[in-house]
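Only this structure's heavy atoms are used, side chains among them; waters, hydrogens and symmetry mates stay out. Position 1 is the first residue of the sequence; numbering continues from there.
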Amino acid sequence: MVFALPPLIECGDRLSYTLYKGKREVPLRTQDIVVDWVCDRPPERQVGIAVVVCTRDRDTQLQVLVDQIAPQMEDLESCIIVNQGKSALRDRLVLRGDQEKYWIFEQENLGGAGGFTRGIMEALKDQSITHVLLMDDDVEVDVDLFCRLRSALAYFASPKICLGGVMIDLDHRDRLLSVGHGFDPIKAMTTDFLPREGVRLREMEARSFLERPVDVDFCGWWCFCFPRQAVEVSGLPLPLFLRGDDAEYGLRLKRAGFPTVMWPGIYVAHPHLLNQTRPWHQYYDRRNALICAALQCGSLPSPAIIRLVRGVFNAIALYRYSEARAGIQALQAYIDGVEGVEHWSEEKHRALVKDDEVMCQSLERGQVSLKVFHTGLSRTLITVLRVLRDILARENAMTTSGVKVDAASWKVGTRRRPVRVWLFSEGQVTQLWRDPIQARDIVTSLLRVVFFLVTRPPRKPEALLRLATPAWWAKRLGLSIN
C-alpha cells in the first residue's frame, strides 16, 4: 500500500508515522509489517561509502560492531578496519557476508589520528568511494543506519556537507549524550550543547536539539562522514594522536567550506565519555586545543594561556599533581611546535600514561561532601593561598589519616580541605595527598614554560599543516602515493 504525501512545504519540516490496529500501536519492523519511505524521483547523485574503524585490543566490542555492520553491507562499498594492537586480527574476527568488502590493515599504534588516516588513505584508493565514514570500535549501530546515511547523502542538496551522528548512552539508550560540539578559539576549549551527564530523549530539551539544526563546529569520530572532495581540498587529519584530532579536522573542514550537519536519524550508541577520563587525557585535551586555537586565530590568544595556567593551579590545590604536570607538558608541546607533534610516538605516550594517580581498592562507604565558598573571587583567592602554603610546607601528608570524600564535591574553593583524601566515584577510589615537593617542582616548571612562551618568538601555526599532506602521511605510514 502506498500513501501519497503532499510536498514537504505543505506538511512541515519533519514527517513521522505511527501505525495502529484499533487503539493499539503496532510495533514497526515486525514479521508481517514492514514500512519504509519511498521517493518518486531519482537521487541527486550516486554515493559510495567506506566505513573506517580504528581499533586497538578491543576484539569483543569490535566483533559486536562488525556483526551489526554485516547485514547492512549492501549499503556500503567497503568496511576498512585498521588494527593498531595485537597482530593477526583477521584470524580472531568472524566476518559475515561479502568477504571482499572487508579490508583489514595492521600497523604500529599511531593513535586514533594515525589509524583513521590510514583508513582514509586506503579507502580513497577506490575511485567508487565518494564518502568516508569514521567510527569508533566501541559503538553500536542501528539496523538502518547506513541506509539512512546513504539516502541522506544521495538526496542532499550540497555535496560539500559532512554528516555527523549524535551519540546516545550505550548503557542507557534513552539518554542523549552529544549532538556535536562547538569550539571557543579564544579560550582554547571545546563547548558542549548538552549537559555533561546528557538529557533524556523524551525531555523537551533533547527534542528541541533533534528537531532543529544545530550550528556545530565539529562532530566526534564516533560517527563522522565526509566527502572525498574534503580530503582533496583540505588534506588529511594532523597526527595529534588522541583526543582533539577530530576537533582540529572538523574545524579545518568547516573553514574550507565543508561544514558538519548533525543529520536527523543518524546516531550511534557509545559508552559515556565521563567514565574514561584519566590525568594523561589532560595532556592531549589541552595540547590539541591550543593547536586548534592557534590555527583558528593565527596565534595563541592570551585567555587560552591564562585558562591553562589556572587549570594547573587548580590541579595543585586538589593534589592532582599528574594532571598539573600534563597541563605543563601540553604548553611545552605547543612551544615545541611542528617538531614535537611530528616526532610524538607510542613510547612517549606510554611514559605519559605511567604518570597517573594512585588508585586503591574500595573502602567502606560513609564519605562526606565538602561545601565550597559561594563567590568566584573567594574561591580564586583561597586557591592561590592554598597553593602558596603547599609550596612552603615541609611535611608530606601521605602518612596522615585520610578523609573519605564524594569525588563530585572535591573542587577548588572548598571550605574544608583535608591534607589527604580518598575520593569515591562510580565504584572507583582515588587516593590523593598534599606533597610539597611535587607542588614546588610543578610551580617551577610552570613559571619556566610560561617565561619561554612569552619571551620566544611565536611559532607560525600554519607550519603544522605540512603534517596533513598525503605525502607526509605516506612517508610516516610507509605507503606509496598513486
Side-chain angles (χ1 to χ4, degrees), residues 12-18 25 27-29 37 51 53 58 61 64-65 68-69 72 112 133-153 156 161-184 189-226 243-247 249-251 254 259-277 281 285 289 408 425-426:
D13 294 332
R14 297 284 186 270
L15 295 177
S16 61
Y17 55 80
T18 305
E25 182 176 337
L28 303 181
R29 304 292 179 186
W37 302 100
V51 173
V53 180
R58 281 180 176 165
Q61 296 97 319
V64 171
L65 176 59
Q68 293 172 343
I69 292 176
Q72 307 183 59
L133 173 62
L134 307 183
M135 303 190 76
D136 283 345
D137 59 357
D138 56 350
V139 301
E140 295 186 12
V141 302
D142 188 52
V143 293
D144 293 322
L145 172 65
F146 303 115
C147 178
R148 290 196 296 270
L149 179 64
R150 185 168 58 86
S151 298
L153 294 171
F156 219 144
I161 295 294
C162 304
L163 293 190
V166 303
M167 180 198 296
I168 63 173
D169 194 333
L170 182 64
D171 299 317
H172 304 89
R173 299 300 180 100
D174 64 338
R175 181 185 297 166
L176 182 65
L177 296 180
S178 176
V179 291
H181 300 282
F183 184 77
D184 183 346
M189 62 181 292
T190 296
T191 58
D192 296 319
F193 299 103
L194 299 177
R196 297 195 70 192
E197 66 275 9
V199 295
R200 299 292 180 183
L201 285 170
R202 293 185 179 274
E203 294 179 8
M204 186 58 66
E205 183 178 7
R207 291 176 60 186
S208 66
F209 280 112
L210 296 176
E211 291 173 358
R212 288 190 289 273
V214 182
D215 183 16
V216 305
D217 288 322
F218 71 96
C219 174
W221 288 349
W222 54 78
C223 183
F224 177 63
C225 184
F226 56 93
R243 301 177 71 91
D245 41 7
D246 49 7
Y249 197 50
L251 289 166
K254 186 176 184 179
T260 296
V261 174
M262 307 303 291
W263 190 258
I266 305 299
Y267 71 93
V268 296
H270 190 283
H272 202 310
L273 297 177
L274 285 180
N275 301 333
Q276 301 179 4
T277 301
H281 290 155
D285 287 339
S425 176
E426 301 291 336

Between F226 and Y249, does the ring centre distance come in under 6.0 Å?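 Yes, they do, as the ring centres are separated by less than 6.0 Å.
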
Test E197 against R175 for side-chain contact (heavy atoms from CB on, under 4.5 Å), laying out the working first. CA-CA 9 Å; E197 66 275 9; R175 181 185 297 166; 5.7 Å; no

Can you name the one residue among I266, V166, L134, L163 that meets side-chain contact (heavy atoms from CB on, under 4.5 Å) with C223?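 Answer after filtering I266, V166, L134, L163: I266.
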
Quick one, W263 with L149, criterion side-chain contact (heavy atoms from CB on, under 4.5 Å). Give me CA distance, side-chain angles, the key distance, then yes/no. CA-CA 9 Å; W263 190 258; L149 179 64; over 6 Å; no

Start with the C-alpha distance between C162 and V261, add both sets of side-chain angles, then the distance that settles side-chain contact (heavy atoms from CB on, under 4.5 Å), and finish with yes or no. CA-CA 6 Å; C162 304; V261 174; over 6 Å; no

Identify the two heavy atoms, one from [X] and one from [Y], that lie closest to each other, and give their separation to 0.1 Å.
{"X": "T260", "Y": "C219", "result": "CG2-CB, 4.0 Å"}
{"X": "P271", "Y": "L170", "result": "N-CB, 3.7 Å"}
{"X": "W221", "Y": "G112", "result": "CZ3-O, 4.3 Å"}
{"X": "R58", "Y": "D138", "result": "NH1-OD2, 3.3 Å"}

Under the side-chain contact (heavy atoms from CB on, under 4.5 Å) test, residues paired with V214 that sit two or more places apart: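 V214: side-chain contact (heavy atoms from CB on, under 4.5 Å) contacts with F193, F209, V216.
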
Set of side-chain contact (heavy atoms from CB on, under 4.5 Å) partners for S178, sequence neighbours left out: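 With sequence neighbours excluded, S178 shows a side-chain contact (heavy atoms from CB on, under 4.5 Å) to M167, H181, W222, given in chain and number order.
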
Calculate, to the nearest 0.5 Å, the distance between atoms SG and CZ belonging to C225 and F146 respectively.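 Here the rounded value is 10.0 Å.
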
Would you give the length of the straight line joining atom CG of D144 to atom CZ of R150, rounded to the nearest 0.5 angstrom?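 Those atoms lie 11.5 Å apart.
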
Ignoring hydrogens and geometry, is there a side-chain-to-backbone donor-acceptor pair from [X] to [Y] under 3.5 Å?
{"X": "Q61", "Y": "D137", "answer": "no"}
{"X": "H172", "Y": "R200", "answer": "no"}
{"X": "D217", "Y": "L251", "answer": "no"}

side-chain contact (heavy atoms from CB on, under 4.5 Å) evaluation trace for D246 with F218: CA-CA 7 Å; D246 49 7; F218 71 96; 4.2 Å; yes

Would you call E140-R173 a salt bridge at under 4.0 Å N-O?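 Yes, charged N to carboxylate O under 4.0 Å.
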
Salt bridge or not for D174 and R202, using N-O below 4.0 Å?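 Looking at R202 together with D174, the answer is no, because their closest N to O distance does not fall below 4.0 Å.
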
Answer whether the closest heavy-atom distance between the side chains of L145 and Y267 falls below 4.5 Å.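 Contact flag for L145/Y267 side chains = no.
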
L177 side chain near I168 side chain, heavy-atom distance below 4.5 Å: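 They are not in side-chain contact.
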
Polar contact flag, side-chain donor to acceptor under 3.5 angstrom, D136-H270: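 Side chains of D136 and H270: pair found under 3.5 Å.
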
